[in-house]
2 protein chains.
Amino acid sequence: MPKIVVPDEKRRRRRPTRGGTILTETLIVETALRLLREHGSTGLTARRLGLALDCDPSTLYRYFRGMDELTLAIGDTLIGQALRGWSPSGDWRHDLGTLGRRIHGAYVSHPQAAVLTTARVTGRANELAADEAVLSVLRHAGLPVREAAAVYHAFIDQTLAFAALDAASLALPNAALRADEEIWRSTYARLPSATHPHIAEVAPLLATEMVASAYPGALELLLDGIAARLDGLATRG
Amino acid sequence: MPKIVVPDEKRRRRRPTRGGTILTETLIVETALRLLREHGSTGLTARRLGLALDCDPSTLYRYFRGMDELTLAIGDTLIGQALRGWSPSGDWRHDLGTLGRRIHGAYVSHPQAAVLTTARVTGRANELAADEAVLSVLRHAGLPVREAAAVYHAFIDQTLAFAALDAASLALPNAALRADEEIWRSTYARLPSATHPHIAEVAPLLATEMVASAYPGALELLLDGIAARLDGLATRG
DNA sequence: TCGCTATGGTCAACTGCGTTGGCATAAGAT
DNA sequence: ATCTTATGCCAACGCAGTTGACCATAGCGA
């Protein structure tokens, strides 16, 4: 068994599969993303991936140590998509806002994949680049190391937390989604005001309110907080 | 197979299992919580649950339509634990803070279970009670219906989002946890300052910073925001 | 007290999952 | 042309959720 997995760059012999396709790490990841989109966050299986790539499932173990490592590669690809083409403008507020929205957006636009990876640390190239970018913006804005660390933590966790939550509800398997919608219709929308007066009162409003993400608002609040902290530093010394 | 599942209150004939235990919905849920704690968030299986309860896995289908419905019941139990013994003090800021910390705390104290349920709508009794409580606090604080709906959305999503993220990292399967820690040690802590200067600079700080949750701070920010909105309402009319 | 019936527990089986060890073969070096 | 070995394939293992058929018995009406 392949205890050793050859990294993509080091591969020399690219032998085509039974069906003629030539495998690549990126081809595998992209196909995995497609399967996730098509079949939901539990729909990525080694067998299905093998079928889609027209290769044996076990072949995948030549490229990744297991499904977990494939998951990490998928996560890093998402971060890569978020950063593609970005460069700092020099305005910290604008840059942080853009980074946050881009990362959140990349995850949310692949909700089924995001569910699998938001809470993981990949340590791969794109993740490192993103962290470096955020920290760089904070330091150039004038935050001392200690404050930069704290703010970095809040910023990245809030971004990932909302990404995870938003992605999770977008990515529910169809059955669960229908179940949740059904609960909304059959339970929340019909609650008698005798027992649940306040829910009954806002139910119609929530129907439109709850579909949008609360992230943009929360992000602005956070940026306000950072601005206040920077003001404090400037006036005090 | 049992298309019809008899709700717990309606059960009449409580026949003991092969091993003598008498099944209950709550006994099943509590055993499930124990299994989740002991075996991680993927460690709850029908077979294992049957083993722990000394009954056949298929028996569980007499109580829940499937593992998904059991999951929802587990989620509602968590919310129930969060609210147990709580009653409003009348001070909206204190009450909202307490509700947020209790809900976040209940999920985080059962991280493996939280991972499965944070993004689900159960529509069961405890969830409804929690929603009603939050909305009630907001309305009594003086927020008009429309604002209450928006703030409710931000509040509950932020609480759940951080709960989901914090729980997810606490609940990683041991293998993944070790993998992530290893990445931290082998990659982040050793990044050369030539390529990633800002990460290298804060790496020692982050080691202590990243273990704590960013939720309490984020919650206070949100409460500040609500306070400001209430001030605006008071002075303007 | 007796029997009927529906509840609720059990058994065996199906499909699909990740993963592994052994094997075959073609790509690339010589 | 030949050799090595990287890389793909095959068969199999154990475990998952779920289902249908079967059976024991609790609790009811007589």
Side-chain angles (χ1 to χ4, degrees), chain A residues 1-25 27-28 31-32 35-36 39-72 74 116 173 175-176, chain B residues 1-25 27-28 31-32 35-36 39-72 116 173 175-176 179:
Chain A
M1 266 296 83
K3 305 261 176 185
I4 315 154
V5 169
V6 181
D8 211 48
E9 322 82 68
K10 299 261 157 137
R11 256 161 218 284
R12 344 245 337 246
R13 317 191 175 180
R14 319 219 74 129
R15 179 169 154 197
T17 76
R18 177 180 34 186
T21 24
I22 291 200
L23 297 180
T24 324
E25 205 173 288
L27 176 63
I28 296 176
T31 310
L35 288 188
L36 281 168
H39 296 98
S41 60
T42 59
L44 173 63
T45 72
R47 291 176 202 293
R48 203 141 36 189
L49 192 47
L51 211 63
L53 288 163
D54 202 8
C55 74
D56 191 89
S58 65
T59 305
L60 301 168
Y61 289 76
R62 302 276 182 207
Y63 290 81
F64 302 98
R65 244 174 270 282
M67 294 305 276
D68 187 70
E69 201 178 283
L70 170 60
T71 297
L72 295 185
I74 292 173
L116 304 180
Chain B
M1 267 297 83
K3 306 260 174 182
I4 313 152
V5 169
V6 180
D8 211 47
E9 322 81 67
K10 299 261 158 136
R11 261 162 212 283
R12 348 243 334 252
R13 321 196 169 175
R14 319 218 74 129
R15 177 170 153 200
T17 75
R18 176 180 38 186
T21 23
I22 290 200
L23 296 181
T24 325
E25 204 173 289
L27 175 63
I28 296 176
T31 309
L35 288 188
L36 282 168
H39 297 98
S41 60
T42 59
L44 173 64
T45 72
R47 287 165 150 74
R48 199 137 44 187
L49 192 46
L51 211 63
L53 289 164
D54 202 7
C55 73
D56 192 88
S58 65
T59 306
L60 301 169
Y61 289 77
R62 302 274 181 208
Y63 290 81
F64 302 97
R65 245 175 269 282
M67 293 305 276
D68 187 70
E69 200 178 282
L70 170 60
T71 297
L72 295 185
L116 305 180

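In what follows, chains carry the letters A, B, and so on, assigned in the order in which the sequence lines appear, proteins first and then strands, with residues in each chain numbered from 1. This structure is a prediction, so every number in the text was calculated from the model and none was measured.
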> Think A/Thr17 has a side-chain N or O under 4.0 angstrom from the OP1 or OP2 of D/dG8?
no
> Taking only the side-chain nitrogens and oxygens of A/Thr59, find out if one of them lies under 4.0 Å from OP1 or OP2 of D/dT7.
no
> Would you kindly give the CD1-to-C1' distance between A/Ile22 and C/dA26, to the nearest whole Å?
12 Å
> Nearest whole Å is fine: how far is C/dC17 P from B/Arg47 CZ?
15 Å
> Contact class for A/Phe64 vs. all strands (heavy atom < 4.0 Å): base, sugar-phosphate, or nothing?
nothing
> Reckon B/Tyr61 has a side-chain N or O less than 4.0 Å from the OP1 or OP2 of C/dG8?
no
> List the atom pairs, with distances to 0.1 Å, where a side-chain N or O of residues 43-54 of chain A and a protein N or O form a donor-acceptor pair under 3.5 Å, not counting sequence neighbours.
{"residue": "A/Thr45", "atom": "OG1", "partner": "A/Arg48", "partner atom": "N", "Å": "3.0"}
{"residue": "A/Arg48", "atom": "NE", "partner": "A/Gly43", "partner atom": "O", "Å": "3.1"}
{"residue": "A/Arg48", "atom": "NH2", "partner": "A/Gly43", "partner atom": "O", "Å": "3.3"}

> Output a table of nitrogen or oxygen pairs between the protein and nucleotides 23-25 of chain C separated by less than 3.5 Å.
{"residue": "C/dT25", "atom": "O2", "partner": "A/Arg15", "partner atom": "NH1", "Å": "2.8"}

> May I have the distance from A/Leu49 (atom CG) to C/dT19 (atom P), rounded to whole angstrom?
12 Å
> Please walk me through it: do B/Phe64 and B/Ile28 pass side-chain contact (heavy atoms from CB on, under 4.5 Å)?
CA-CA 10 Å; B/Phe64 302 97; B/Ile28 296 176; 3.8 Å; yes
> On the nucleotide D/dC9, are OP1 or OP2 found under 4.0 Å from the side-chain N or O atoms that A/Ser58 carries?
no
> What is the distance from CG of A/Leu23 to P of D/dA6, rounded to the nearest Å?
17 Å
> So what does B/Leu44 hit on the nucleic acid, given a heavy-atom distance under 4.0 Å: a base, only sugar-phosphate, or nothing?
sugar-phosphate
